[in-house]
Amino acid sequence: MTTTAIPTQAKRVTATAPKRRPKREREGAAWVFLSPWVLGAIVLTLLPMAVSLYLSFTDYDLFNPPKWVGLRNYVQMFTEDPRYWRSVVTTVTYVVIAVPLQLALALVVALALKGMKRGKAFYRSAFYAPSLLGASMSIALVWRAVFNDGGTVDNLLGTGGWVNKPGWSLLAVALLTVWQFGAPMVIFLAGLQQIPAELYEAAAVDGAGKWRQFLSVTVPMLSPVLFFNLVLQTIQAFQVFTPAFAVSAGKGGPADSTLVYTMYLYDRGFVASHMGYASAMAWVLLLVIGVVTAVLFRTSRSWVFYASEGDR
């Protein structure tokens, strides 16, 4: 009996890497996902900015077609409008008062929360709440009632209503901003938790007390976070509107003591219907904020310490 061998043919299986999509196809998919953001940026940001820039060179009252006037709005703003300069001085004064006080209070509270053993989450939420509520008109109206004649401050201190005194009204507005220290506080707290404990231990071994540890360890290591909060809060302070509008009942009084820049911009654009003039004011504010931010970034090289870069 003979057996016949059946030949078998081995099939070699080779593993092939998945084909990579062409570059154009990958870029097309990326643009599809980015299209909502790009469309929103063009329609809601870039296009209105372009229209506003054009209107700043026109005489436009919202009802009639704009008339080209060139640089007249800017010339009038800088040379013929004393209320404009009062609004500038008021805004700068507000920024100088509100921003340092807010950051100082936020840092103090963050330091206190860092050392807490129990209830940290509750107090962090409680201190953050004013940042969510303080920008609303309702809270600003309550603030006006607190600092008005016969209000809480008047009853406790006997100083009269701050909102009716030119020397005190802006301080009342600034304190509303200071009260909203929750956002920078949370950022400070996150930065404090990133500072290595070994640095404090080494400073203590060298004989440094709490104050010296704060100046020599906490401040340098926290300087990037401090710089971030400073830039953010400065930009927001230049754009303050709701607190000043509510406290002064929309008039910027008394004696224009709370007439901040954005309120005067609102008055020129929507009350007096000088939208071209208001657009020019808006672009000047944008340029000023840009210059101030650039100066802060420039000066930060001398006091902001980045651990990854060593001493600067």
Side-chain angles (χ1 to χ4, degrees), residues 56 61 72-102 105 130 134-180 233-289 292:
S56 69
D61 60 2
R72 192 180 73 181
N73 289 327
Y74 294 93
V75 173
Q76 179 182 355
M77 185 188 313
F78 293 128
T79 62
E80 303 174 10
D81 191 351
R83 291 197 76 198
Y84 171 81
W85 288 109
R86 282 199 295 271
S87 70
V88 170
V89 173
T90 301
T91 303
V92 172
T93 305
Y94 169 84
V95 172
V96 171
I97 294 174
V99 173
L101 287 178
Q102 185 188 48
L105 183 59
S136 65
M137 179 62 73
S138 58
I139 296 297
L141 292 175
V142 172
W143 203 263
R144 172 181 171 84
V146 169
F147 286 91
N148 209 343
D149 291 332
T152 305
V153 174
D154 186 13
N155 294 330
L156 292 177
L157 304 178
T159 57
W162 289 17
V163 298
N164 298 318
K165 295 182 178 181
W168 292 88
S169 56
L170 187 62
L171 180 59
V173 176
L175 288 179
L176 178 54
T177 298
V178 175
W179 179 63
Q180 304 171 47
Q233 299 307 316
T234 299
I235 293 175
Q236 293 181 359
F238 271 106
Q239 302 175 72
V240 63
F241 175 79
T242 301
F245 186 87
V247 170
S248 66
K251 299 178 181 178
D256 288 344
S257 59
T258 58
L259 184 68
V260 293
Y261 195 96
T262 53
M263 186 186 299
Y264 188 53
L265 189 154
Y266 170 84
D267 177 79
R268 293 292 87 196
F270 295 98
V271 178
S273 297
H274 293 164
M275 188 56 68
Y277 190 86
S279 298
M281 288 185 61
W283 275 95
V284 171
L285 178 62
L286 175 64
L287 293 177
V288 169
I289 291 177
V292 172

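A quick note: this is a predicted structure, and the numbers were derived from the prediction, not measured.
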Donor-acceptor contacts, no H, no angles, side chain residues 90-102, under 3.5 Å, sequence neighbours left out:
| unit_1 | atom_1 | unit_2 | atom_2 | d |
| --- | --- | --- | --- | --- |
| Thr90 | OG1 | Arg86 | O | 2.8 |
| Thr91 | OG1 | Ser87 | O | 2.7 |
| Thr91 | OG1 | Tyr261 | N | 2.7 |
| Thr93 | OG1 | Val89 | O | 2.7 |
| Tyr94 | OH | Thr177 | OG1 | 2.2 |
| Gln102 | NE2 | Thr177 | O | 3.0 |
| Gln102 | NE2 | Gln180 | O | 2.9 |

Exercise. Who pairs with Phe270 by side-chain contact (heavy atoms from CB on, under 4.5 Å), at least two apart in sequence or on another chain?
Worked result: Tyr266, Met275
Exercise. Taking all non-hydrogen atoms of both residues, which atom of Asp256 and which atom of Lys251 are closest, and how far apart?
Worked result: OD1-O, 4.4 Å
Problem set entry | 4.5 Å side-chain heavy-atom contact, Trp143 and Leu175 | yes
For this session: Hey, could you give me the OG1/CD distance between Thr262 and Gln239, rounded to the nearest 0.5 Å?
Result: 8.0 Å
For this session: Write out all pairs satisfying salt bridge (charged side-chain N to carboxylate O under 4.0 Å, His left out) with one or both partners inside residues 260-280, taking only residues at least two apart or from two chains.
Result: none
For this session: For residues Phe238 and Leu285, report the shortest heavy-atom separation together with the two atoms involved.
Result: O-CD1, 4.1 Å
For this session: Apply side chain to side chain donor-acceptor pair (under 3.5 Å) to Ser248 and list each qualifying residue two or more places apart in sequence or on a separate chain.
Result: none
Exercise. Applying salt bridge (charged side-chain N to carboxylate O under 4.0 Å, His left out), which residue pairs with at least one partner in residues 164-177 are found, sequence neighbours left out?
Worked result: none
Exercise. By side-chain contact (heavy atoms from CB on, under 4.5 Å), which residues pair with Ala255, not counting sequence neighbours?
Worked result: Pro166
Problem set entry | Pro243 versus Leu176, closest heavy-atom pair with distance | CB-CD2, 3.4 Å
Exercise. What is the minimum heavy-atom distance between Trp85 and Phe78, and which atoms define it?
Worked result: NE1-O, 3.0 Å
For this session: Verify, without hydrogens or angle tests, whether Thr258 (side chain) and Gly252 (backbone) share a donor-acceptor contact under 3.5 angstrom.
Result: yes
Exercise. Could you give all pairs that pass the salt bridge (charged side-chain N to carboxylate O under 4.0 Å, His left out) test and reach residues 166-178, with sequence neighbours left out?
Worked result: none
Seminar exercise, completed: Across all chains, not counting sequence neighbours, the side chain to side chain donor-acceptor pair (under 3.5 Å) partners of Trp283 are Ser52
Exercise. Can you tell if the side chain of Ser56 reaches within under 4.5 Å of the side chain of Tyr74, non-hydrogen atoms only?
Worked result: yes
Seminar exercise, completed: For Ala172, the side-chain contact (heavy atoms from CB on, under 4.5 Å) test, sequence neighbours excluded, returns Phe147, Trp162
Exercise. For Leu141, which residues count as a side-chain contact (heavy atoms from CB on, under 4.5 Å) partner, sequence neighbours excluded?
Worked result: Met137, Ala246
Seminar exercise, completed: To the nearest 0.5 Å, atom OG1 of Thr242 lies from atom CE of Met263 at 9.0 Å
Exercise. What pairs with Ser279 under side chain to side chain donor-acceptor pair (under 3.5 Å), at least two apart in sequence or on another chain?
Worked result: none
For this session: Can you sort out the partners of Thr234 under side chain to side chain donor-acceptor pair (under 3.5 Å), two or more places apart, ordered by chain and number?
Result: none
